[in-house]
Amino acid sequence: MKKQRYLLILSFLVILIPCLKAQKKEIQQAEAIIKSGKNLEKAEQQMRMLLSDSVNRRNLKIWNTMTTAVRAQYLQGNERMYLRQKQDTAALFKLALKMFRDYQSMDSIDALPDKKGRIRIKYRENHSGFLSGYRPNLYNGGVFFLRRNNYQEAFTMFDAFLDCHRQPLFENRHFENDPLNPTAAFWTVLCGYQLGNPSMALKYKDLALQDTVRLENCLQYLAEIYKLQSDKQSYEQTLVDGFEHYPNSSYFFPRLIDHYSSTNQRERAMTIVDEALAVNDSSELFIFAKSKMLLNQGDYDACIALCDTLIARNDTLADAYYNAGVAYVNKAFLIEKGKVGAKQRKQMRELYRKALPYMERYRALAPHEKDKWAAALYNIYLKLNMGREFEEIDRMLR
């Protein structure tokens, strides 16, 4: 039995020793290549091949040789860029990303306990010190790809830039306090928005909201992402936040009003309109919004009064004419629903007569909105016995 065990160990050593010699030779060859400064990619790939074997996964000698090869490639490219020599900028930024990832992977191996459970980190201080000086290039790489509308690559770079602060490799570098973090986070929101990818857009949203310079755009992108997700609660809250910060924005107010109207929260919608008018009582957008809400609530006289105010300020606001015209027509409909005598017919005719110039002006300003003005004018012309005009609309609607 002992003899068999001895033979087994011996056969294992016979296999192992040549393997170790071959491995040592490959490492020495890679080190020589790195020292020469040429064919660095070959040295890198040799070490990656060794690391692909699970037996070598924890071999820090191989890791150190491989990361040194990547580092040398990056420094050469950086030097060429500095000297304005020929250098693929995109490739250099991707190389920076690879370098950070490789050093982080090596650090995770360096931090593993040995056979006795001891953790003796050998390389962290040196590596983190070196990489800290180049971390801004991850951000710069993100901006580079962003300007070329390569949102996937841009996100990858910004993500790596922000992820550094949670990496043990950089635990003493306090990257969480970097003033560039909120801006980098905002760009990840933009990338996610452009790609229609909610998980990307929302990954750093809380940090992105700290970028006060770009807060308005950030809230807009987040609102669109929540809408894409059909997350009505988050969509509404984002619009509310946006309106509170930017009440005069043409984005938040109309969408918030539409949201409240579509979810049958009319009282809340009117509150928002009044809050907006309190901020800017001369805003055509806010006044028009209130006129539309008054129309929907059946307060036709108040609606007409606001529409006339708008028209007096700007006689090209098509929808103001439409709202006023519809308000007059609806008043006539209310009378028609009741008992109709001579007095009521006279009142109805007067209302249609008042509606006429508004709706005709709306047609002139918005000829493409046939679905809105054609039916209204059909009814007005019919009630006012305007034969020629009625026949024209009648032919149009057939």
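The first residue in the sequence is number 1, and the count goes up from there.
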**OP:** Taking side chain to side chain contact (heavy atoms under 4.5 Å, CB included) as the test, write out the residues that go with Val55, two or more places apart.
**Re:** Asp53
Return all side-chain donor-acceptor pairs below 3.5 angstrom for residues 35-42, not counting sequence neighbours, or 'none' if the list is empty.
{"residue": "Ser36", "atom": "OG", "partner": "Ile33", "partner atom": "O", "Å": "2.6"}
{"residue": "Ser36", "atom": "OG", "partner": "Lys38", "partner atom": "N", "Å": "3.3"}

Subject >> Any residue meeting side chain to side chain donor-acceptor pair (under 3.5 Å) with Asn217, in chain and number order, not counting sequence neighbours >> reply: none
Subject >> Donor-acceptor pair between Ser261 and Arg266 side chains, under 3.5 angstrom >> reply: no
**OP:** Would you tell me whether Glu79 and Tyr74 have side-chain atoms, one donor and one acceptor, within less than 3.5 Å of each other?
**Re:** no
**OP:** Show your working on side-chain hydrogen bond (donor to acceptor under 3.5 Å, both in side chains) between Tyr362 and Asn323 and close with a plain yes or no.
**Re:** CA-CA 9 Å; Tyr362 176 70; Asn323 282 1; over 6 Å; no
Original post:
Judged by atom type as modelled, is there a donor-acceptor pair below 3.5 Å linking the side chain of Arg135 to the main-chain atoms of Cys164?
Top reply: no
Subject >> Face-on cation placement of Arg148 at Phe144 ring, 6.0 Å and 45° thresholds >> reply: yes
**OP:** Report the distance from atom CD of Glu284 to atom CG of Leu317, rounding to the nearest 0.5 Å.
**Re:** 4.5 Å
Subject >> Salt bridge present between Lys122 and Asp110 (N-O < 4.0 angstrom) >> reply: no
Subject >> Those residues that, when tested against Gln210, pass side chain to side chain donor-acceptor pair (under 3.5 Å) (two or more places apart) >> reply: none
Original post:
Which heavy atom of Glu236 sits nearest a heavy atom of Leu256, and at what distance?
Top reply: O-CD1, 4.2 Å
Original post:
Less than 4.5 Å apart, any side-chain heavy atom of Phe145 and any of Gln152?
Top reply: no
Subject >> Atom pair CD (Glu26) and CG (Asn56), whose distance is rounded to the nearest 0.5 Å >> reply: 9.5 Å
Original post:
Can we say Glu176 and Arg166 salt-bridge, meaning some charged N sits less than 4.0 Å from an Asp/Glu carboxylate O?
Top reply: no
**OP:** Decide, yes or no, whether a salt bridge links Asp258 with Arg255 under the criterion of side-chain N to carboxylate O below 4.0 Å.
**Re:** no
**OP:** Ignoring hydrogens and angles, tell me if any N or O in the side chain of Asn181 forms a donor-acceptor pair with the backbone of Phe175 under 3.5 Å.
**Re:** yes
Subject >> Leu285 to Ser250 - nearest heavy-atom pair and separation >> reply: CD2-CA, 4.5 Å
Original post:
Any ring pair (Phe, Tyr, Trp, His ring centres under 6.0 Å) pairs touching residues 280-307, not counting sequence neighbours?
Top reply: Phe253-Phe286
**OP:** Would you sort out whether Asn137 and Asn140 count as a side-chain hydrogen bond (donor to acceptor under 3.5 Å, both in side chains), showing the intermediate values?
**Re:** CA-CA 5 Å; Asn137 283 348; Asn140 295 334; 3.2 Å; yes
Original post:
Thinking salt bridges, do Lys383 and Glu336 make one under a 4.0 Å N-O criterion?
Top reply: yes
Subject >> Sub-6.0 Å ring centroid separation between Tyr322 and Tyr358 >> reply: no
Original post:
If you draw a 6.0 Å radius around CZ in Arg118, do more than 12 non-hydrogen atoms from other residues or ligands fall strictly inside?
Top reply: yes
Subject >> NZ/NE/NH1/NH2 to OD/OE distance under 4.0 Å, Glu44 and Arg48 >> reply: yes
Original post:
Which heavy-atom pair separates Ile335 from Val340 by the least distance, and what is that distance?
Top reply: O-CG2, 3.8 Å
Original post:
Which pair of non-hydrogen atoms, one from His259 and one from Lys232, has the smallest distance, and what is that distance?
Top reply: CE1-O, 4.1 Å
Subject >> Heavy-atom closest pair, residues Ile257 and Ala269 >> reply: CD1-O, 3.4 Å
Original post:
Taking the six-membered ring for Trp, is the centroid-to-centroid distance between Tyr352 and Tyr328 below 6.0 Å?
Top reply: no
**OP:** Please report the C-alpha distance between Thr67 and Asp102 in whole Å, then the side-chain angles of each, then the deciding distance to 0.1 Å, and finally whether the side-chain hydrogen bond (donor to acceptor under 3.5 Å, both in side chains) criterion is met.
**Re:** CA-CA 6 Å; Thr67 53; Asp102 286 340; over 6 Å; no
Subject >> Residues forming a side chain to side chain donor-acceptor pair (under 3.5 Å) with Glu31, sequence neighbours excluded >> reply: Lys61
**OP:** With sequence neighbours excluded, give me every side chain to side chain donor-acceptor pair (under 3.5 Å) pair touching residues 83-92.
**Re:** Arg80-Gln87
Original post:
Do other residues, nucleotides or ligands put more than 12 heavy atoms under 6.0 Å from Tyr226 OH?
Top reply: yes
Subject >> Inter-residue atom distance Ile393.CD1 - Phe390.CZ, 0.5 Å rounding >> reply: 9.5 Å
Original post:
Using a side-chain heavy atom cutoff under 4.5 Å and only I, L, V, M, F, W and Y, what cluster partners does Leu83 have?
Top reply: Tyr82
Original post:
What's the shortest heavy-atom distance between Arg57 and Trp63, and which atoms?
Top reply: O-NE1, 2.8 Å
Subject >> side chain to side chain contact (heavy atoms under 4.5 Å, CB included) partners for Thr309, two or more places apart >> reply: Arg313
**OP:** For side-chain contact (heavy atoms from CB on, under 4.5 Å), just list the numbers for Gln104 and Phe170, CA-CA rounded to whole Å, side-chain angles, deciding distance to a tenth of an Å, and then say yes or no.
**Re:** CA-CA 9 Å; Gln104 288 166 3; Phe170 303 111; 3.6 Å; yes
Original post:
Between the main-chain N or O of Tyr246 and the side-chain N or O of Ser249, is there a donor-acceptor pair closer than 3.5 Å?
Top reply: no
Original post:
Could you give the distance from NZ (Lys227) to CG (Leu222), rounded to the nearest 0.5 Å?
Top reply: 14.5 Å
Original post:
Excluding sequence neighbours, so at least two apart, what forms side chain to side chain contact (heavy atoms under 4.5 Å, CB included) with Lys290?
Top reply: Met270, Val273, Asp274, Leu277, Leu294, Leu306
Original post:
So do the side chains of Pro247 and Glu275 get within less than 4.5 Å of each other, counting heavy atoms only?
Top reply: no
Original post:
Taking atom types as modelled, is there a side-chain donor on Tyr151 or Asn149 under 3.5 Å from an acceptor on the other?
Top reply: yes
**OP:** State, with a plain yes or no, whether a side-chain heavy atom of Tyr103 is found less than 4.5 Å away from one of Phe130.
**Re:** yes
Subject >> Trace of the side-chain contact (heavy atoms from CB on, under 4.5 Å) decision for Leu219 with Leu209 >> reply: CA-CA 8 Å; Leu219 289 168; Leu209 291 171; 3.7 Å; yes
Original post:
Would you say the side chains of Asn280 and Ser283 form a donor-acceptor pair under 3.5 Å?
Top reply: no
Original post:
Is Met81 atom CE crowded by more than 12 heavy atoms from other residues, nucleotides or ligands, each under 6.0 Å away?
Top reply: yes
Subject >> side chain to side chain contact (heavy atoms under 4.5 Å, CB included) partners of Leu365, counting only residues at least two apart >> reply: Ala318, Tyr321, Arg361
Subject >> Test side-chain hydrogen bond (donor to acceptor under 3.5 Å, both in side chains) applied to Glu360 and Tyr381, step by step >> reply: CA-CA 11 Å; Glu360 287 187 330; Tyr381 291 149; 2.7 Å; yes
Subject >> Interatomic spacing from CG in Leu207 to OG1 in Thr188 - rounded to 0.5 Å >> reply: 8.0 Å
Subject >> Test side chain to side chain donor-acceptor pair (under 3.5 Å) applied to Arg353 - qualifying residues, sequence neighbours left out >> reply: Glu350
**OP:** Measure the CD1-CD distance between Ile272 and Gln265 for me, rounded to the nearest 0.5 Å.
**Re:** 10.0 Å
